[in-house]
Amino acid sequence: MAISAFAVSDATAAPSMAAKPLSHRLWVTAVWTLIGFFLINLIAMIAAVITSSFASRWLRSWLPEGATTKWYFSAWSEFQLDDVLVVTFQVVFAVTALSGLIGVPAAYAMARREFPGKKLIMLLFLLPMLVPPITYGIPLATVLYRSGLGGTMAGVILANLVPTVPFVILVMIPFIEQIDPKIEAAARVFGASTLRLFTSVLLPLLLPGMLAALLLVLVRTIAMFELTFLVAGPTSQTLVVALYYAVFAAGVRAVQSIDAMAVIYMAVTVVWLIIALRFVNPAQIVTRAKQTKAH
Amino acid sequence: MSIAVDDEHISTRMRLRARGWDGVTLLILPAVALMLGLFIYPFLYGFWLSFQPKAGSLFANYARFFADPYLYETVAKTLWIAVPVTLLNLLAAIPVAFRVRLMQRQRWLTTLLVLPITLGTVLVAEGLLNYLGPQGWLNRTLMLFGIISSPVKLLHNYWGVFLSLVITGFPFTFLLTLSYVTGIDPALEQAAATLGAKAASRFRHIFLPLLVPGLAITFCLSFVQAFSVFPSAVLLGAPAGPTRVISIAAYQAAFEEYDYSLASAIAMIMGFIQLAIVGGVLALRGLFYRGPAGGGKG
Amino acid sequence: MTNNLNSFKTLRLQGVGRNFGALNVLKDLTLEVRRGEFIALLGPSGCGKSTALNCIAGLLPTTRGSIWLDERRIDTLGAEDRGFGMVFQNYALFPHMTVRQNIGFGLKMRGVAKAEAEPRIDKALATVRLESQAAKLPGQLSGGQQQRVAIARAIVVEPPLVLMDEPLSNLDAKLRLEMRQEIRRIHAGLGSVTLYVTHDQDEALSLADRIVVLRDGEIRQVGTPEDLYARPATLDVADFMGFRNRIAGVVTAQSGATVTLDVGGVALTGMTHGAVVGVGGNAVAAIRPDDMVAVGDGGDGLPAIVEAIEYRGRDYFGQARGPGDSELFFRSGVKLGIGAPVRLGAEPGKVLVFTGSST
Ligand SMILES: Nc1ncnc2c1ncn2[C@@H]1O[C@H](COP(=O)(O)OP(=O)(O)OP(=O)(O)O)[C@@H](O)[C@H]1O
Ligand SMILES: [Mg+2]
């Protein structure tokens with residue numbers, strides 16, 4: 001198509017702004033004000049947390065009286081953040097690796113084969129993405145506690161796989177579909193064994209898609225509160241659950257200490273988010289199939 | 001592969017292969033097993049468990065839920081938060097998506113908006129506790145401009161939960177809406193324009209009908225998220241009062257009363273309400289055109 | 001709005017230009033079109049044809065210049081206020097409306113009453129022979145049928161100016177010929193101006209009253225089909241009009257329009273329509289493959305070695321390596337073997353000579 005979105009944008013936004021009626025300009029202004037208002041509040045909210053985490057004393061004023069980093073040290077020891085961070089990374093990396101190992105082959109089969117019952121299996125993978133975690137988390141936690149996995153790290157990892165494996169599958173299916181199956185056929189014709197085919201042909205082709213999918217899984221798992229909260233015990237808490245308990249028990253600790261922990265949590269999430277955004281479109285964190293073909 | 005394999009074996013394998021079941025297809029089995037074990041089985045188990053009350057007849061849990069106002073009122077309270085928030089987010093997302101669609105560099109905006117989604121509800125709750133508080137920057141700003149004379153109470157009530165759902169829900173709704181809006185071929189709008197349709201007519205006759213199916217899906221996903229609100233209802237709301245949402249009731253049944261049977265029943269009710277609303281919206285969507293929103297070849 | 005624009009006598013483009021960022025896609029388009037004219041905009045892919053059309057339709061703001069209907073400036077109006085009809089290169093049919101609703105959309109937007117609209121839609125459907133498809137959605141139609149809906153949708157409002165962007169590109173050869181006739185008839189019936197974009201020279205030649213040849217965003221030549229076919233003004237245009245052979249040489253003699261070139265020791269005589277070429281200067285001869293005839297080895301003509309030959313009904317067409325490693329395309333009555341030496345020649349009246357060296 002010759003006239004890209006570019007062209008319309010010009011056509012609707014630009015042809016001599018002066019000629020556009022006042023109502024149109026008012027409308028545009030109103031919409032931008034709405035976006036601006038939202039963003040300002042969002043940024044101010046985050047800034048408030050960061051400011052507070054460095055505040056020596058902050059009561060009844062716009063800004064704190066002084067700056068200090070002591071809350072980070074106290075938060076680190078009070079909330080045993082070293083333990084929590086170790087658990088968090090263990091859980092997150094295990095979940096990421098397992099969802100890749102289970103999800104990518106399944107996506108490959110779904111993309112390459114037609115078989116009876118495929119629609120039903122697709123539905124099976126779609127449901128955990130549509131049903132919110134708290135809804136299926138309670139029966140899931142019940143089952144895990146009954147089987148002795150409740151409160152353990154294994155239980156937390158298993159619970160987190162429920163939304164991430166389907167996520168990997170749904171991201172990878174369109175990605176694999178756009179890889180020409182003839183490439184694999186050609187490799188076979190040249191006598192590549194199944195293992196060689198996989199390591200030297202498929203893996204390099206799949207890598208960009210896998211990287212994107214797994215980074216998104218990683219970011220989502222760091223922030224996954226509900227499932228971890230329902231299944232975790234005292235030794236298997238991740239950072240976000242620890243943060244919840246700290247906020248829940250607010251009053252026991254200094255606000256700044258909790259805010260320092262929140263900043264640490266934000267830093268961990270945002271670092272991975274920034275890495276992920278190098279490989280994926282931000283919208284992909286919410287929506288799936290369409291953008292995948294951009295790779 | 002080996003010649004010694006007997007005929008019967010070969011023919012079974014061939015028959016399976018002819019139907020699409022070969023080695024590659026088997027790669028789905030681990031994922032399917034995981035889903036069956038950790039998603040379908042718990043659901044069925046929970047369903048069964050909900051009919052095994054600690055005391056009383058088969059339906060005792062459900063009877064208790066619908067007899068005890070402390071329990072059944074959670075449904076209305078959750079709906080009272082979830083429906084307005086979802087509608088507000090959706091109604092705001094549509095015009096914003098239409099504007100942003102025209103932007104050439106959307107990435108910085110989408111990146112900013114993705115932030116509250118990735119940070120999650122717990123962090124947003126902690127942030128809002130500070131920001132919306134009586135000494136928080138929002139109240140201070142409002143007082144500075146003389147909009148209010150004394151701080152408004154936005155925490156530990158309905159509005160705290162409402163605002164937190166706007167902060168995390170609006171970006172989600174918006175990004176989904178944007179993906180549907182940008183999926184409509186811009187040539188369709190141009191075609192309508194050359195045929196004499198003004199901006200309002202173009203929206204009404206071209207964009208709206210093509211968007212309805214996507215908006216229905218967006219509504220469903222956003223609603224389901226809002227309906228299952230949990231941490232912010234506890235941290236920012238009044239979890240014993242007006243924001244005692246249904247997930248709090250389920251959580252308390254399971255982890256405070258250790259009545260897994262009742263908790264399962266509440267989870268089933270929660271799932272059923274979501275299903276009913278989603279099913280209703282999708283049925284309405286069936287009345288509209290649902291094909292691809294392209295205007296031309298292929 | 002449309003009524004007062006409806007009865008214009010001339011459409012005038014005055015130095016119209018358009019940039020995409022730093023890229024100058026359309027340069028100084030100046031053109032005057034009288035009512036009733038059928039204009040073909042001809043040029044290779046990417047030369048700016050669609051851009052020009054979109055600027056006129058109001059879908060793209062122009063960067064420079066102005067567009068006028070008589071004394072009324074229209075480039076400041078939005079597309080919806082110009083009242084032109086447009087057939088899009090990719091159809092742009094409304095996927096959620098039936099064929100009938102698609103065609104009726106323009107009438108509905110203009111507030112035409114149903115009682116008046118229905119017969120007009122029926123007529124448009126009959127014109128594009130889609131009566132039996134009226135209730136279908138565009139997604140259920142073939143590519144060619146969709147293209148015809150797009151045409152019907154544009155003409156049903158009887159616009160004073162119809163813009164068509166390669167409207168026949170997706171049709172099979174037979175239907176394309178039929179639709180050409182139809183478009184010509186529609187044009188005559190409306191008494192309007194039609195601006196027709198194509199990169200198919202046959203289509204341009206057979207349809208247009210005048211052809212505008214566009215290249216790299218610039219008008220290279222404007223003229224009647226006969227003019228362009230026989231007397232392309234530049235080598236570019238000649239190339240586009242099917243003069244595939246370009247043979248570089250040095251002018252050895254000139255009398256009036258007749259020029260003789262020396263091509264690697266062989267004399268080649270042709271005509272020039274443009275500037276006088278000085279003796280001793282470089283020139284390029286352009287010849288259509290059809291007019292370049294193999295005269296067998298030993299006769300007069302450019303010596304060449306046959307590299308490929310194929311039968312195209314009645315005659316053979318071939319490709320040969322000529323003087324200075326040039327690639328020549330020719331016609332032959334008999335089948336020649338690959339690698340055979342031939343002499344290739346053309347009547348002086350069919351050889352066009354342009355100044356300059358070949359590139
Ligand atoms: N939105 C745009 N942004 C940047 N460049 C553009 C844009 N639209 C078109 N161009 C460029 O402008 C030039 C002319 O494009 P145009 O679509 O007018 O070509 P065309 O003559 O219609 O070609 P075709 O016959 O293939 O349809 C091309 O080089 C194209 O790459
Ligand atoms: Mg074009």
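These figures come from a predicted structure and were not determined experimentally. Lettering follows sequence order; numbering is per chain, from 1.
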Below 4.5 Å from any heavy atom of chain A, which atoms of [X] appear? Answer side chain, backbone, both or neither.
X       : result
L138(B) : side chain
V234(B) : side chain
F227(B) : neither
L128(B) : both
I266(B) : neither
L29(B)  : neither
V229(B) : neither
A92(B)  : both
V166(B) : both
L49(B)  : side chain
S50(B)  : neither
L109(B) : side chain

Quick one, [X] and [Y] - any side-chain contact, counting heavy atoms below 4.5 Å?
X       : Y       : result
Y145(A) : Y258(B) : no
Q274(B) : P132(A) : yes
L34(B)  : V162(A) : no
N130(B) : W58(A)  : yes
R113(A) : I28(B)  : no
L124(A) : I40(B)  : yes
V224(B) : V131(A) : no
L230(A) : Y251(B) : yes

Any side-chain donor-acceptor pair under 3.5 Å between R146(A) and Y260(B)?
no
Classify the ring geometry between F39(B) and Y136(A) as parallel (under 30°), tilted (30 to 60°) or perpendicular (over 60°).
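The arrangement is perpendicular - the two ring planes meet at more than 60°.
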Side chain, backbone, both or neither of [X] within contact of chain B (heavy atoms, under 4.5 Å):
X       : value
W27(A)  : side chain
A246(A) : neither
I121(A) : side chain
I138(A) : side chain
I35(A)  : side chain

Under a 4.5 Å cutoff for heavy-atom pairs, which residue among [options] has the most contacts with chain B?
options                         : result
V31(A), L144(A), V270(A)        : V31(A)
A223(A), A44(A), S99(A)         : A44(A)
A30(A), S61(A), A141(A), S52(A) : S61(A)
V165(A), L140(A), T269(A)       : L140(A)

Hey, which of G120(B), P231(B), A199(B) has the most heavy atom pairs under 4.5 Å with chain A?
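Sorted descending by pairs with chain A, the first entry is P231(B).
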If you tally heavy-atom pairs under 4.5 Å between each of T141(B), L221(B), L163(B) and chain A, the highest tally belongs to T141(B)
Distance, nearest 0.5 Å, that separates [atom1] of [X] from [atom2] of [Y]:
X       : Y       : atom1 : atom2 : value
I246(B) : I134(A) : CD1   : CD1   : 11.0 Å
M35(B)  : L123(A) : CE    : CG    : 12.5 Å
M45(A)  : L129(B) : CE    : CG    : 10.5 Å

Any donor-acceptor N/O pair, W62(A) side chain to W137(B) backbone, under 3.5 Å
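The answer is no, because no donor-acceptor pair under 3.5 Å joins these two groups.
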Polar side-chain atom of Y265(A) near backbone of L119(B) as donor-acceptor pair, under 3.5 Å
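Yes.
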